[in-house]
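Excluded from the calculations below are hydrogen atoms, water molecules and symmetry mates; all remaining heavy atoms, backbone and side chain alike, are included.
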Amino acid sequence: MPYDETGDLRFFISLVDAGSLSAGARSLGTSPAAASRRLARLETRLGSTLVIRNTRHFGLSETGRLYYERALTIVADIDQLEEEISSSTNAPRGTLSIGAPVELGRRQIAPFIEEFSARHPRLMINLALAPEGNYDFNDYLDVVLRLGLPETPGAVVTRLASTMRVLCASPAYIARRSMPTHPRDIPKHDCLCLRKNKTMALLNKWVIGNETETDVVMVEPRLSTTNAEIIHDWALSGQGIAYKLLCDVYQDLEEGKLVRILPDLQGEKIDLYAVLPTRQHTRASVKAFLSDLRPYIRTAGFL
């Protein structure tokens, strides 16, 4: 079997950019052991050590640094060539099927698809929503948008942007119960909590803090549900404090329908990923979708 030189270049770039074998394996949708074996095969083929590694260190040798720098240039030239050819001969057409979490899909991705579809009238787009954005590619989806790092062996995983959880409530609730001034005030309030969809486990440990100090607040909810949109609706109607993703509530915060609580603090950071089966990586429709989505979501509650 002939060597995939371009694939090796992309593999090595991903490994170095990730900063470790384990992180590189996650970004490539494979295991650390498989990534280590592939690196060893690459070094054997080149007859040179590229990475100096042990349990505490992951660094490039002189040869590895040269290989990485030249790889960046070569891959960039290949991508530019493919993009020029794709733009001239492969305008998006056919069918594009997208999976997304329910609330993100309804509030952010569906409006984006309206705009994207208007720019690409020859493309038929399907949007599938699931409670946690968990799909299998046997469902014949071309790209899955997922909050949190996915574990999809053999897939191409790309981080698109980050968001964070924030504490929020309606102005009516704040007027009735007062504004919390410290994380320790939160458990004294009416809280709205999510439960895991399959196990009904209560997600009532809210992380809130800054760069120097973090509190983990345990709350006992007055109301709880497995549906994030219901939490959102309860918060809007004044039922209590919610611990929501900024991307889900940013518009209501801007319009004053919700109020940010402890605005100098923030909750957990959550990454948004695009997960693609390898066979879709070069499709013009997928490339166009992700290229247009990145700047769009960064104005919609993503960092």
Side-chain angles (χ1 to χ4, degrees), residues 1-80 82 99 132-138 141-164 207 211 214 268-283 286-287 290-291 293-294 302-303:
M1 180 180 293
Y3 286 114
D4 178 8
E5 288 88 353
T6 303
D8 279 348
L9 293 174
R10 294 185 187 276
F11 162 76
F12 192 69
I13 290 170
S14 297
L15 207 63
V16 175
D17 288 347
S20 71
L21 272 170
S22 57
R26 286 196 301 271
S27 71
L28 293 163
T30 189
S31 68
S36 181
R37 288 194 297 270
R38 182 168 183 179
L39 176 60
R41 287 196 300 269
L42 175 59
E43 290 178 326
T44 298
R45 179 166 69 86
L46 296 175
S48 180
T49 299
L50 301 177
V51 176
I52 302 168
R53 56 198 184 277
N54 54 43
T55 55
R56 295 187 177 182
H57 180 72
F58 179 94
L60 296 179
S61 67
E62 287 299 318
T63 306
R65 185 165 301 282
L66 174 63
Y67 188 79
Y68 174 72
E69 292 173 354
R70 294 294 299 274
L72 288 173
T73 301
I74 293 168
V75 168
D77 287 344
I78 292 172
D79 288 345
Q80 179 65 31
E82 290 184 350
E132 297 176 359
N134 292 326
Y135 293 92
D136 189 286
F137 287 120
N138 290 332
L141 297 174
D142 298 311
V143 56
V144 172
L145 303 176
R146 179 179 166 85
L147 291 161
L149 185 64
E151 296 180 1
T152 312
V156 176
V157 179
T158 303
R159 190 177 73 85
L160 299 176
S162 299
T163 188
M164 62 183 178
V207 178
E211 294 180 355
T214 298
E268 295 171 286
K269 179 183 174 184
I270 306 292
D271 291 327
L272 175 67
Y273 292 90
V275 187
L276 297 77
T278 305
R279 60 185 169 80
Q280 302 291 350
H281 191 45
T282 58
R283 281 188 56 188
V286 173
K287 282 188 173 182
L290 294 179
S291 177
L293 180 62
R294 283 187 176 92
F302 284 89
L303 309 179

* To do: Please assess T73 against E69 for the test side-chain contact (heavy atoms from CB on, under 4.5 Å), listing each intermediate value before the final yes or no.
  => CA-CA 7 Å; T73 301; E69 292 173 354; over 6 Å; no

* Structure fact -> Separation between CG (D8) and CG (L50), nearest 0.5 Å, reads 10.0 Å

* Structure fact -> Residues A161 and L303: closest non-hydrogen pair is CB-O, 4.2 Å

* Asked: How far does CZ of R10 sit from CD1 of I74, to the nearest 0.5 angstrom?
  -> 11.0 Å

* From CG (L72) to CG (D17), nearest 0.5 Å -> 7.0 Å

* Is there a donor-acceptor pair under 3.5 Å between the side chain of S162 and the backbone N or O of D271? -> no

* Once you round to the nearest 0.5 Å, how far does CG of L276 lie from OG1 of T158? -> 6.0 Å

* Backbone of P32 reached by a side-chain donor or acceptor of S36 within 3.5 Å -> no

* To do: Determine yes or no for a side-chain-to-main-chain donor-acceptor pair under 3.5 angstrom, with S48 supplying the side chain and T63 the backbone.
  => no

* Audit row: L60, V51, side-chain contact (heavy atoms from CB on, under 4.5 Å) steps and yes/no -> CA-CA 5 Å; L60 296 179; V51 176; 4.1 Å; yes

* Structure fact -> To the nearest 0.5 Å, atom CD of E268 lies from atom OG1 of T214 at 10.5 Å

* Asked: Shortest non-hydrogen contact from Y273 to G148?
  -> CD1-O, 3.4 Å

* Which heavy atom of Y67 sits nearest a heavy atom of L46, and at what distance? -> CE1-CD1, 3.7 Å

* Do you know which two heavy atoms are closest between A71 and L9, and how far apart they sit? -> CB-CD2, 3.6 Å

* Asked: Do other residues, nucleotides or ligands put more than 12 heavy atoms under 6.0 Å from the CZ atom of R70?
  -> no

* To do: With rounding to the nearest 0.5 Å, note down the distance linking CD1 in I270 to CG in L147.
  => 7.0 Å

* List the atom of I52, the atom of S61, and the distance in Å for their closest heavy-atom pair. => CD1-CA, 4.1 Å

